[in-house]
Amino acid sequence: MSKRKLEEGSLGSQLNADVLSKLKSKQNEWKQQAAEREEQEKHRRMEERKRREANKSFEELLNESELDWKSFKK
């Protein structure tokens with residue numbers, strides 16, 4: 001390592017404690033916003049799936065069923 005890199009140290013050691021705390025709070029805020037967006041997207045997809053399921057015909061529901069109807073005929 002060069003002498004300059006050793007003198008500079010890390011970014012965290014160079015920043016004022018106030019600036020560092022502001023950056024960390026902003027990072028936490030962004031993480032929280034991302035989590036909220038993800039939760040909203042999950043809720044939207046679930047509502048969309050419920051809406052599509054409610055609009056399906058009996059034939060579509062029957063075709064998507066995993067039950068083997070032929071085994072009940074025996």
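- Within 6.0 Å of the CD atom in E59, the count of heavy atoms belonging to other residues, nucleotides or ligands does not exceed 12.
- Heavy atoms from other residues, nucleotides or ligands lying under 6.0 Å from NZ of K56 number more than 12.
- At least one side-chain heavy atom of Q33 sits less than 4.5 Å from a side-chain heavy atom of R37.
- Note that CG of L23 and CG of D18 are 10.0 Å apart. Values are rounded to the nearest 0.5 Å.
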*Dump the intermediate steps for side-chain contact (heavy atoms from CB on, under 4.5 Å) on E39 and E36, then the final yes or no.*
CA-CA 5 Å; E39 184 65 30; E36 288 174 1; 5.6 Å; no
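- The residues K50 and E53 are annotated as not salt-bridged, no charged nitrogen and carboxylate oxygen being separated by less than 4.0 angstrom.
- Under 4.0 Å is where a charged nitrogen must lie from a carboxylate oxygen, and between R51 and E48 at least one such pair does.
- No donor-acceptor pair under 3.5 Å is formed between the side chain of E64 and the backbone N or O of L61.
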*asked:* As a quick check of understanding, evaluate side-chain contact (heavy atoms from CB on, under 4.5 Å) for Q27 and K31, giving each step before the final call.
replied: CA-CA 6 Å; Q27 180 185 24; K31 284 181 182 179; 4.0 Å; yes
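- Taking 4.5 Å as the limit, every side-chain heavy atom of K42 sits out of range of all side-chain heavy atoms of M46.
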